[in-house]
Protein chains: 2
Amino acid sequence: MQTEHPFDRKRQRAPSKRALATRERVLDAAERIFAARGFDGATIRDIAAEAGEPVGSVHHHGGGKELLFHQAVARRSVELSQARRDALEAARASGPLTLERVLDAFMRPFFALAEDEPRWSDYARLVALVSADDRWRGIAAECFDPTAALFLSELAELAPDLTRRTRAQAFVFSVSAMLSLLTSQGRIGALGAEGTENPGAGRATPGQVDHLVAFCAAGFAVSADGRR
Amino acid sequence: MQTEHPFDRKRQRAPSKRALATRERVLDAAERIFAARGFDGATIRDIAAEAGEPVGSVHHHGGGKELLFHQAVARRSVELSQARRDALEAARASGPLTLERVLDAFMRPFFALAEDEPRWSDYARLVALVSADDRWRGIAAECFDPTAALFLSELAELAPDLTRRTRAQAFVFSVSAMLSLLTSQGRIGALGAEGTENPGAGRATPGQVDHLVAFCAAGFAVSADGRR
DNA sequence: GTCTATATGTAGATAGAC
DNA sequence: GTCTATCTACATATAGAC
């Protein structure tokens with residue numbers, strides 16, 4: 001049998017164009033189903049049905065449920081990290097960095113991507129799943145920690161009075177708030193109540209992102225203010 | 001067969017003392033297992049083993065997996081809500097309310113409970129699960145929304161310039177940050193890095209709670225500041 | 001690479017003796 | 001109320017023809 005799985009050491013030959021397309025469809029389906037039902041709630045069969053592929057094909061390309069999940073998370077993480085780094089460089093080029101501008105560079109690219117491509121909204125749910133469950137700390141460490149560390153070191157220069165731990169804590173608060181805006185429009189609606197549901201069901205408006213960034217920047221600033 | 005399940009209309013007779021104790025042990029076990037593995041990751045058999053009860057007993061007292069989960073969440077929600085309302089009244093009695101004091105009344109009781117009883121730390125994970133998954137919106141609406149609405153109306157008086165929606169959003173950011181501190185000490189540690197892990201693995205220090213409250217209060221204040 | 005068929009385990013739920 | 005045994009369904013994973 002041919003146990004050549006993704007994430008194995010290099011293949012002998014490049015896969016065919018058709019095979020690559022199948023692989024992409026499997027990953028797209030996995031992204032949607034994992035996002036909607038969580039890792040344990042999702043089944044390979046659901047994913048196969050969503051991809052319009054036989055069950056065996058999902059195993060072949062996915063390499064098992066855990067690896068499939070890992071792949072789905074890792075796939076877009078490079079583009080996300082790059083968008084964040086680019087935004088940071090753009091901010092640096094256009095004037096002196098501030099807490100607010102650094103946080104904006106970290107957060108806004110995710111919303112910008114989600115606005116164009118609904119797939120990125122599903123991906124946001126995946127990121128939230130990974131962030132919330134210690135079971136996936138390894139994946140988070142691989143896919144997100146390096147960029148987080150980069151931004152954290154920028155924030156350190158802008159808020160030098162904070163201890164390392166307090167800074168990490170403020171950053172975790174900020175990321176949690178960001179993920180809640182990416183994934184929990186429903187909760188905001190339920191509490192905000194009455195008619196004015198936002199149109200794009202699940203997509204944040206630029207104004208909401210402004211608010212998020214301002215909220216977190218203020219939180220960072222007060223953390224430095226001696227207050228503690 | 002006797003289909004008398006919890007949450008059914010009233011029973012004919014009060015259950016025996018022994019039966020009540022069994023029920024409590026089942027709920028305790030469910031709380032721990034659901035907290036550790038999530039709803040779909042947990043199994044009735046895991047819960048039975050944790051409770052030291054036969055599988056059938058868990059079904060009998062739990063009334064099925066979904067109802068068991070519902071019961072586990074609902075059980076402590078009354079005490080939590082009461083602690084929050086008491087803290088709000090205490091704050092009101094001891095001086096003029098501020099954003100910071102209201103948020104403190106909402107957040108600190110949860111940490112205070114978790115500090116004494118580790119069960120409350122498990123419960124915090126349950127609350128986070130319920131908050132993160134739209135599948136449980138009904139439970140959240142029943143167990144948490146009323147108290148959230150009470151605090152939100154207090155916050156409305158202290159930040160009258162915010163729109164209803166912006167206020168709800170700031171509140172969701174705050175709750176997300178609170179839950180991240182209750183459940184994600186690991187992430188804070190991973191980003192804060194180096195030695196100084198806090199001792200009580202998973203319990204927040206009062207200083208961390210101070211920081212959380214200050215962070216969120218500052219966020220609320222800036223939301224009102226015209227900034228948007 | 002793709003697809004059908006199947007192996008093996010384990011899930012939630014229930015029946016019925018005690 | 002408690003406990004054992006069991007029903008039925010569906011999970012992941014694999015084998016092997018094409």
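Please read all numbers here as calculations on a predicted model, not as lab measurements. Chain naming here is simple, since letters A, B, ... match the order of the sequence lines and numbering starts at 1 in each.
Under the 4.5 Å side-chain criterion, counting only non-hydrogen atoms from C-beta, A/Q185 is in contact with A/Q208.
Among the protein residues, B/S16 comes within range of no part of the nucleic acid, since none of its heavy atoms lies under 4.0 Å from any strand.
In this model, the phosphate group of C/dG1 is not approached by any side-chain N or O of A/R23 to a distance below 4.0 Å at OP1 or OP2. Contact annotation: B/T22 does not reach the phosphate of D/dG1 (side-chain N/O to OP1 or OP2, under 4.0 Å).
Atoms CG (B/L20) and P (D/dG1) sit 8 Å apart, rounded to a whole Å. One interatomic measurement links the two molecules: CG of A/L68 to P of D/dA13, which rounds to 10 Å at whole-angstrom precision. Going from atom CZ of A/R25 over to atom C1' of C/dG1 covers 13 Å, rounded to whole Å. The distance between atom CG of B/D40 and atom P of C/dT10, rounded to the nearest whole Å, is 18 Å. When the C1' atom of C/dT4 is taken as reference, atom NE2 of A/H59 falls 15 Å away, rounded to whole Å. Atom NE2 in A/H60 sits roughly 14 Å away from atom C1' in D/dA15 (whole-Å rounding). Rounded to an integer number of Å, the gap from CD of B/E53 to P of D/dG1 is 12 Å.
Distances were taken from every side-chain heavy atom of B/A19 (C-beta onward) to each of D/dG1, D/dA13, C/dC3; the shortest belongs to D/dG1. Distance from the side chain of A/P54 is smallest for C/dT4 among the nucleotides C/dT4, C/dG12, D/dT2.
The aromatic rings of B/F151 and B/F106 stand perpendicular to each other, their planes meeting at an angle above 60°, with 30° marking the opposite boundary. Between A/F110 and A/W120, the angle of the ring planes goes over 60°, which puts this pair in the perpendicular group of the 30/60° scheme.
When each of A/R119, A/R25, A/R75, A/R125 is checked for a salt bridge (charged side-chain N to carboxylate O under 4.0 Å, His left out) with A/E31, only A/R75 meets the rule.
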Distances under 3.5 Å between nitrogen or oxygen atoms of protein and nucleotides 7-11 of chain D:
{"residue": "D/dA11", "atom": "OP2", "partner": "A/R45", "partner atom": "NE", "Å": "3.4"}

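Residue pairs meeting the salt bridge (charged side-chain N to carboxylate O under 4.0 Å, His left out) criterion with at least one member in residues 140-153 of chain B, sequence neighbours excluded: B/R137-B/D145.
Looking only at distances, a side-chain donor or acceptor of A/S153 sits under 3.5 Å from a matching main-chain atom of A/L150. Panel note: side chain B/Y123, backbone B/S77; a donor-acceptor pair is recorded below 3.5 Å.
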